Amino acid sequence: MASLAFWNPIACIIAFVVLVAIIYLFRSRGQKKYKKGTAQTQIFLSGEKPPDAEQRHIRAHNIYWGFFQALKRYYDPTIKAHTGIINDYIIWFIALAAAIAVILFIVGLI
Amino acid sequence: MTQGIPFNIPFLAVAVMIGIAFYIIISQRNLIKLVMGLSILASGVNLFLITLGYRKGGVAPIYTHTPAGIMVLPIPQALTLTSIVIAVACLALMLSMIIHIYRHTGSTDSEKSRIMKG
Amino acid sequence: MSEKARDIFVIATLVFVEFLVIILARDIYLNGLHIYTLGASSPNLTIPENYIVPVRIILEVDSMSIFMAIITATVSLAAAIYSLSFMKEETGGDRFYTLLLLLAAGMFGMELTGDLFNLFVFLEIASIAGAALTAFRTRFADAVEGGLKYIVISSAAALMVLFAIGILYAQYNLLNIGALAQVIQYTMLDKIALALLATAFTMKLAGVPMHMWAPDTYSVAPAGTTPMIYIASQACLYGLFRTCFTLYGVTLNTATIGWIVIIIGVLSMFVGVTMAVHQSDVKRLMAYHAISQSGYMLLGVGVGLAVLGNPEALASYGREAMSGGIFHIINNALYKGLLFLTAEALFFRLGTRDLNKMGGMCRNMKYTSIFFIIGALAISGIPPFNGFTSKLMIYESVYRFNPILSVIAMLVSIITLASFTKAFQAAFTGPALPQYKDVKEVPKPMLIGMGILTIIIIFFSLFPGLIVSSIVNPATDALINQATYINAVMGGL
Amino acid sequence: MMSKIVRTMASLLILFALIYGLYIIMHGHLTPGGGFQGGAVFASGVALLIVAFGSDNVHKSLKEHHLSILESSGALIFIGLAFGGIATVFFYNFLVGSSLFGHIPPPGSNPGDIWTAGVIPFMNIAVGLKVLAGLSAILLVMALATTLMEVEE
């Protein structure tokens, strides 16, 4: 394939090794005195008590809120079409089968 | 015996059966009726296959004391039989699932018993 | 004791099948396609005396069939290993494994047969086994609902396939695909049969607008079987390609049906991915992505189908588009299977599929999160993972066919990355939640099942050129060269 | 359980139903019918019993796991016979010409010699076993499930 001619597994492996080296560089410059379970691991919020883990975590339904709000005119009818009723699934099936048959028939006439 | 009957009558019956079946599947929200519709659909397709197997003047391919004449190839009959077996299996599976749905939700209505949507 | 013996038997069977498939594949790539006649001492006996059509059941295996069989065997093996620890907490394991093997048998039958009616029978076997597996955990109401939806749409679609087969039989008195392809005329009835076959297979592979059953079914199927049910729908994709390319071939108006396939593919990509971003159930999210990724395959192969009657365009970009679409099948089966397994691992430990209730799982499930990252990067088309290579082939070749389609495909890839960022952020990152303090990593068999798929993904990412030239291109050529398939069964007749 | 008239008639008719089913299975290679049809006739006899005597009474003597063993053995015999011909080809009729159902009749109309057709009568028996056990088990389990539901309510 023409589009994959440039592909070289060695290049991928070298890139991976370089990436690992960079990560190691970053980590090696970190604090040597780090210890687990001490006050070092506590969250510091200007001396105030940080909120609970439940409060800190951003939940899935908060992500991309603006995206859905902007595309409301697309999402409202689309979600409405996903009724979850089994009869509707068969309606789509029959409708599409009829549509394809009609298209094939009309194209055959031209 | 079948001389008086026009050849197209069975095909009309097939069309009517499949039409009725799809009407039931689309319009009836009761799951048991839905399964009945699928059963009628299966019967319609089976009738179609069996009708294809008819050849005028053909002899059934049973070698025991068979009359003289050209035997028909029994492929459509074999197909129909296989399709009946499969339809029975599907029917049993669907009905047992509906029993479970009724136990869980107390309803056999496809809209009221639905949990997942969107 | 007996349970251990059963587990060993199941795994040994699937390993043996994988071994057989690889031997068969090697033989086919070296010596061309294979024909196996059931119940006759010589393949020539398919055609009885004084009668000019093959009546026996013929298995006809070419590069495309064996390509699908390799996928099926690999994913089934990974899924069965994954299921071992899942089944320790469930009852009725005998039935579970029987159904699992039956589902694998149904898929193999669909992919290897050369007979239309046999295709229908195995389609139904796979549907029944898949539906029973989906509804296996009958204590959950949603599982039974998903199973019922699957079996209802499957039997409706399969009956329409049978109706189409009946229409073809009525005209030509033939059931063998190769023999039918030789005489098919593309009359009015053939068009109806084509519409029914195409729609039924599209329904089973969850193409928009008939995709709505897929999230319901995939999201509730028990651990390990979700990838298998997904691969069953890919076997229906194979059925669609076999119908369009081999059964009808150039006799049909390839531009029209090609454009229909392209439009369904683009709709699947777009609607699937936009609905996926909106989901909060992790398995439903992945199920919508499965629909979206099927769109890429339909798009790639649809472009090839649209230019099938035009040899210049076919050679310049159509063949590469088809190779991209077919390569995407195997890539997608691997990373989608991996993602389904990681989602099921989350459900196994947390008892919920709701992303809103998850968080901080990186701390508890290290290996699962690594597997999830690899799968998510691969599905989003991030280089160097294998999703990128097949998507690149599709983008490049489709751009020369119609630039807009290529741009849509890239846009869909971006939204895919966005939605997996959402899933990863919600489930794996964030602070350690107090209610999941005691959650442990999933047991070893589950990790092995996911690990097998990950290793294959990394191999595919490193050597895409090798995979494309050794197994994808032969499959593409097998689809394009209808005459080889016909001659193999009909001989000199 | 139904009235005494129905029960008496059912206990008489069940003999004919079961024997007719077995006849269809045994003569599958000569006359119309075969394993599936005979098994279905047999299972309809079981349905008659369930209707007449109630599923609880039938369940006392007909257990699902016995039927399950019967069904599995039917499937195993069938696949074993199919593998029997693997030396030539899968599903090959390896009994033709042997003394066991191996007689080859002259072509055309014949009086129906039962010692013919090789493995096909055995396959009919295997399919018949599987179908009669499977269908009876489906009928029995479904009847039991519906009665259990009535008790729960």
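In this text the structure is predicted, and so the values were computed from the model without any measurement. Reckoned from all heavy atoms, side chains included, excluding hydrogens, waters and symmetry mates.
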Sub-4.5 Å side-chain heavy-atom contact between C/L103 and C/F108: no
Heavy-atom proximity to chain C below 4.5 Å, by part of B/L93: side chain
Parallel, tilted or perpendicular, as decided by the 30° and 60° cut-offs, for the rings of C/Y150 and C/W213: tilted
Donor + acceptor pair across side chains of C/Y172, C/D190 (<3.5 Å): yes
Sidechain N-carboxylate O distance under 4.0 Å for B/R114, B/D109: no
pair C/P215-C/K283: side-chain heavy atoms closer than 4.5 Å: no
Contact origin within B/V14 toward chain C - heavy atom pairs under 4.5 Å: side chain
Contact residues of residues 152-168 of chain C (partner chain B; heavy-atom separation under 4.5 angstrom): C/V152, C/S155, C/A156, C/L159, C/M160, C/L162, C/F163, C/G166, C/I167
C/R139, part contacting chain B, at a heavy-atom distance under 4.5 Å: backbone
Part of B/S113 lying under 4.5 Å from any heavy atom of chain C: backbone
Return all side-chain donor-acceptor pairs below 3.5 angstrom for residues 17-35 of chain B, not counting sequence neighbours, or 'none' if the list is empty.
| residue | atom | partner | partner atom | Å |
| --- | --- | --- | --- | --- |
| B/S27 | OG | B/Y23 | O | 2.7 |
| B/R29 | NH1 | B/E111 | OE1 | 2.9 |
| B/N30 | OD1 | B/I32 | N | 3.0 |

Check: B/F11 and B/T51 side chains under 4.5 Å, non-hydrogen atoms: yes
Heavy-atom pair count under 4.5 Å with chain B, highest-scoring of C/E145, C/K149, C/Q279, C/E124: C/E145
Region of B/L52 that comes under 4.5 Å of a non-hydrogen atom in chain C: side chain
Region of C/F140 that comes under 4.5 Å of a non-hydrogen atom in chain B: backbone
Listed pairs under 3.5 Å, donor-acceptor, residues 115-122 of chain C side chains, sequence neighbours left out:
| residue | atom | partner | partner atom | Å |
| --- | --- | --- | --- | --- |
| C/D115 | OD1 | C/F117 | N | 3.0 |
| C/D115 | OD1 | C/N118 | N | 3.2 |
| C/N118 | ND2 | C/T113 | OG1 | 3.2 |

Which residues share a side chain to side chain contact (heavy atoms under 4.5 Å, CB included) with B/T80, sequence neighbours left out: B/N46, B/L49, B/I50, B/I84
